[in-house]
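For reference, the structure is listed below as C-alpha cells.
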Amino acid sequence: MNLELTEEQRAIRDLAREFAQKEIAPIAAQIDETGEFPRATVKKMGELGLMGIEVPAEYGGGGLDCVSYVLAMEEISKVCASHGTVMSVNNSLVCHGLKKFGTAEQKKKFLVPIASGKKLGAYSLTEPQSGSDAGNMKTRAVREGDAYIINGRKSWVTSGPVADYIILFALVNPEQKHRGTACFVVDTTLPGFIRGKVEPKLGIRASATCEITYENYKIPAAYRIGEEGDGFKIAMTVLDAGRIGIGAQALGIAQAAYEASVRYAKEREAFGQRIAEFQAIQWMIADMAVRIQAARLLIYHAAVKKDRGEKFSKEASMAKLYASETAMWVTTKAIQVHGGIGYSKELPVERYFRDAKITEIYEGTSEIQRMVIARNVLDSK
Ligand code: COS
C-alpha cells in the first residue's frame with residue numbers, strides 16, 4: 001500500500017482543514033450546546049465540493065477517491081463531529097448508493113443536486129424493532145400501477161429533520177423477508193411523509209436525527225433504486241462504504257483529543273513540574289499515539305481497497321471497529337490527562353468524549369462489526 005499522498009489528496013485535506021478551522025471551529029461549541037443544525041456551514045461544505053467527494057464531476061461531485069474522502073472527513077470531524085456526521089451520511093450512504101445502483105436518469109435527478117450540496121440526503125434503514133437486526137424491517141411498499149404506496153415508521157434517521165431526499169428501505173414482498181426488500185428515493189416534500197420526534201442526543205448534538213412516519217406516502221415507481229428484492233444487498237453494500245467514513249470520523253475525534261492532551265500536558269504543572277514529565281501521563285500519550293496511528297492505517301487500507309475496486313467489507317468493519325473504540329479510549333484518557341477542567345464545558349474535551357460514543361453504535365455497533373469480521377474470516381455465512 002502506497003502511503004504517499006497525491007497532490008489531489010493533499011489539496012482536499014488542506015481545503016477541509018482550512019475550512020474547518022476558519023468556519024466551523026468558531027461555532028462548534030455553541031451548536032453542541034444548542035443542538036442547532038448548522039445549515040450555513042453545511043451549505044458551504046457543498047459549495048466546496050465536500051458533500052460528494054467520490055462522485056464523478058459529470059454528476060456534480062468532486063471526482064476524487066476514497067482516500068481523499070477519509071482525509072477530508074478526518075479534518076472536519078476533528079473540529080466538529082456533528083458536521084462530520086452530516087458529511088458522512090451524504091457522501092457515503094446517499095451518494096455512494098446512487099452512484100453504484102442508480103440509473104443514468106436517477107443520477108441526473110437525485111445525485112447531481114445531492115453531490116453538489118444543493119440538496120441534502122439521508123439514509124433510512126432502522127426501525128423501532130430493527131436496528132442491528134436490519135432484515136427484520138416492517139415498513140411496506142405496495143405497487144399500484146406506476147407508483148408505490150409506502151406505510152411504516154422509521155427511526156434514528158440522521159439528517160431526517162432537514163433532508164431533501166432519503167434513501168429508504170421497505171418490504172415489497174414480506175414473505176421473502178430480507179430478500180423481499182426494495183430501495184427507494186424519498187422526496188420529503190410529498191404528502192404522507194411525516195417527520196416525528198427529534199432525538200435529544202448525548203453527542204453529535206448539532207446533527208439532526210428524528211423518527212419518520214410514512215402514511216400512504218406515494219412515489220413514482222421510477223424512484224425505486226435497483227430491482228424489487230435488491231434492497232437488503234444495497235443497504236449492506238452502502239453501509240460497507242459508510243463504515244470507512246465513520247472510521248475516519250472517529251479518527252478525527254481521537255486526533256483532536258490527543259492533540260489537546262499533548263498541549264495540556266506540556267502546560268500544566270503539578271508537584272513542581274509539567275505533568276508531561278510524569279511517566280503516568282507519558283504512557284497515556286504514547287498509547288494514544290500508537291492507537292491513533294493504527295486506526296489511521298486500517299482506515300487508509302480499507303479506502304485503498306475500495307479505490308482498487310476490491311472487496312472491502314471486512315476491512316471497512318475492521319477500520320470502523322478499531323477507530324471507534326480508539327476514539328472512545330483516547331477521549332476517556334484525554335479527560336483523565338486534563339483532570340477537573342477536562343470534565344468542564346470550558347474545554348472541548350468533554351464534547352469529544354460525548355461525540356466519540358456514537359461511532360461505536362451507528363452504522364453497525366462494535367458487536368455487529370465483530371460479527372461481520374468473524375464471518376469473513378471464518379467464511380461461516
Ligand atoms: N454486501 C452485500 N451483501 C451483503 C453484505 C454486504 N456487506 N452482507 C450481507 N449481505 C447479503 C448476504 O449475502 C445475504 O444475501 P442472500 O440473502 O442472497 O443470501 C443477505 O445480505 C443477508 O445476509 P446475512 O444472512 O448475513 O444477514 P443477517 O440477517 O445475518 O445480518 C448483518 C447481517 C448483521 C451484518 C446486518 O444485518 C447488519 O449489518 N446489521 C447492522 C445494520 C446497521 O449497520 N444498522 C445501522 C444503520 S445506519 S444508522
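For the numbers below, each heavy atom of this structure counts, side chains included, while hydrogens, waters and symmetry mates do not. Counting starts at 1 for both ligands and their atoms, following the listed order. If you're wondering where the values come from, they're calculated on a predicted model, not measured in any experiment.
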Can you sort out which atoms of ligand 1 are near [X], meaning under 4.0 Å from one of its heavy atoms?
X: Asp240; answer: 1 (N), 6 (C), 7 (N)
X: Thr126; answer: 47 (C)
X: Thr237; answer: 1 (N), 2 (C)
X: Val372; answer: 35 (C)
X: Ser313; answer: 7 (N)

Check whether the ring centres of Tyr165 and Phe110 lie less than 6.0 Å apart, and answer yes or no.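 Ring-ring flag for Tyr165/Phe110: true, centres closer than 6.0 Å.
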Answer with yes or no after comparing the ring centroid distance for Tyr123 and Phe169 against a 6.0 Å cut-off, counting only values under it.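 Centroid distance Tyr123-Phe169: below 6.0 Å, so yes.
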Parallel, tilted or perpendicular, judged at 30° and 60°: which one describes the rings of His338 and Tyr264?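 Because their plane-to-plane angle is under 30°, the rings of His338 and Tyr264 count as parallel.
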I'd like to know whether ligand 1 has Phe232 as a neighbour, heavy-atom separation below 4.0 Å.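 Yes.
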So which of Glu363, Gln369, Lys233 gets nearest to atom 3 (N) of ligand 1, if we judge by its closest heavy atom?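 That would be Lys233.
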Among His178, Arg375, Met236, Met371, which residue places a heavy atom closest to atom 31 (O) of ligand 1?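 Shortest heavy-atom distance from atom 31 (O) of ligand 1: Arg375.
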For ligand 1, is there an N or O atom under 3.5 Å from any N or O atom of [X]?
X: Tyr362; result: no
X: Tyr123; result: no
X: Leu125; result: no
X: Arg243; result: yes

Should we count CD of Glu310 as having more than 12 external heavy atoms under 6.0 Å?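 Check passes, neighbour count above 12.
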Got more than 12 heavy atoms from elsewhere within 6.0 Å of CZ, Phe278?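 Enclosed: over 12 neighbouring heavy atoms sit under 6.0 Å from CZ of Phe278.
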For the atom pair CE (Met371) and OG (Ser317), what is the distance rounded to the nearest 0.5 Å?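 With rounding to 0.5 Å, CE (Met371) is 11.0 Å from OG (Ser317).
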Nearest 0.5 angstrom please: Tyr258 OH to Tyr352 OH, how far?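 The OH atom of Tyr352 is 14.5 Å from OH of Tyr258, to the nearest 0.5 Å.
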